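Below, chain A is the first sequence line, B the second, and so on; all start at residue 1. All values derive from a computational prediction rather than experimental measurement.
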Amino acid sequence: MESVDTNFRQRVEALVAQIPQGRVMTYGQLAALAGSAYAARIVGGIAHFGDPDLPWQRVVNKQGGLASGYPGGRDGHKQVLEAEGVSVSDDYYVSVSELLWWPPGDEPAQQGLL
DNA sequence: CGAGTGACCGCAA
DNA sequence: ATTGCGGCCACTC
């Protein structure tokens, strides 16, 4: 409906902005919810040139590892996540299985269904 | 307007 | 198990 310009970027930003504190989402997830499961790279691109007010720090890769290119490097990224309440491993890895969050209504199979 | 790149993911050997 | 390569879409210069 209505305008659909760059709905991808708007969608990703909307999802990231909805990520609750202490939770993390994967790029592939955001990409899939945005409309393209193969556009995970674009999500990263938007993250770098998107709105700096969005909690991109809560966005990690499928491995649960922190991404590069973040202002301050993984060091700053790790500290920010820990400040949010996310436990980051010494290797800059987070428990995706524990902190992975899905938007309400779009969850294909929550962890409870495991 | 055209080309290149990217904070990724999945599969193949 | 590990390593290497390709692919898709959007954004920037």
Participant: With sequence neighbours left out, what residues match A:Gln63 under side chain to side chain donor-acceptor pair (under 3.5 Å)?
Facilitator: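 With sequence neighbours excluded, A:Gln63 shows a side chain to side chain donor-acceptor pair (under 3.5 Å) to A:Tyr93, given in chain and number order.
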Participant: Under 3.5 Å, which N/O atoms of the protein pair with N/O atoms of nucleotides 9-13 of chain B?
Facilitator:
unit_1	atom_1	unit_2	atom_2	d
B:dC9	OP1	A:Lys62	N	2.4

Participant: Can you tell if the side chain of A:Arg58 reaches within under 4.5 Å of the side chain of A:Leu99, non-hydrogen atoms only?
Facilitator: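 With C-beta onward as the side chain, the pair stays apart.
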Participant: Heavy-atom contacts under 4.0 Å between residues 42-58 of chain A and DNA chain B, which residues?
Facilitator: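 Residues of residues 42-58 of chain A that come under 4.0 Å of DNA chain B are, in numerical order, A:Ile42, A:Gly44, A:Ala47, A:His48, A:Trp56.
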Participant: How close do A:Val96 and A:Asn61 get, counting heavy atoms only, and between which atoms?
Facilitator: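 Of all heavy-atom pairs spanning A:Val96 and A:Asn61, the closest is CG2-O, 4.4 Å.
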Participant: Are side-chain heavy atoms of A:Arg23 and A:Leu100 found at a separation under 4.5 Å?
Facilitator: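 Of all side-chain heavy-atom pairs linking A:Leu100 with A:Arg23, none is under 4.5 Å.
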Participant: Please give me every residue in residues 64-83 of chain A whose heavy atoms get under 4.0 Å of an atom in DNA chain B, ordered by residue number.
Facilitator: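 Contacts with DNA chain B under 4.0 Å: A:Ala67, A:Ser68, A:Tyr70.
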Participant: Under the side chain to side chain contact (heavy atoms under 4.5 Å, CB included) rule, collect the residues that match up with A:Ala32, sequence neighbours excluded.
Facilitator: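 In terms of side chain to side chain contact (heavy atoms under 4.5 Å, CB included), with neighbours along the sequence ignored, A:Ala32 is linked to A:Ala37.
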Participant: Among residues two or more places apart or on two chains, list those pairs meeting side-chain hydrogen bond (donor to acceptor under 3.5 Å, both in side chains) that have a residue in residues 37-53 of chain A.
Facilitator: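 Passing the test, one end in residues 37-53 of chain A: no pairs.
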Participant: What is the distance, to the nearest angstrom, from the CZ atom on A:Phe8 to the C1' atom on B:dC8?
Facilitator: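 Rounded to whole Å, this separation is 11 Å.
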Participant: For A:Tyr92 and A:His77: C-alpha separation, side-chain torsions, deciding distance, then whether side chain to side chain contact (heavy atoms under 4.5 Å, CB included) applies.
Facilitator: CA-CA 9 Å; A:Tyr92 304 100; A:His77 199 162; over 6 Å; no
Participant: Give the rounded distance in Å between these two atoms: CD of A:Gln10 and P of C:dA10.
Facilitator: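 Those two atoms, CD and P, are 14 Å apart.
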Participant: Whole Å only: how far is the CD atom of A:Glu13 from the C1' atom of C:dC11?
Facilitator: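 My rounded result for the distance is 12 Å.
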Participant: Please determine whether side chain to side chain contact (heavy atoms under 4.5 Å, CB included) holds for the pair A:Ser68 and A:Arg74, giving the CA-CA distance in whole Å, both sets of side-chain angles, and the decisive distance to 0.1 Å.
Facilitator: CA-CA 6 Å; A:Ser68 37; A:Arg74 304 184 186 83; 3.6 Å; yes
Participant: Write down the atom of A:Ala34, the atom of A:Leu15, and the distance for their closest heavy-atom approach.
Facilitator: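 Where A:Ala34 meets A:Leu15 most closely, the heavy atoms are N-CD1, 4.4 Å.
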Participant: With a 4.5 Å limit on heavy-atom distance, are the side chains of A:Leu66 and A:Lys78 in contact?
Facilitator: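 A side-chain contact exists here, since the closest heavy-atom pair is under 4.5 Å.
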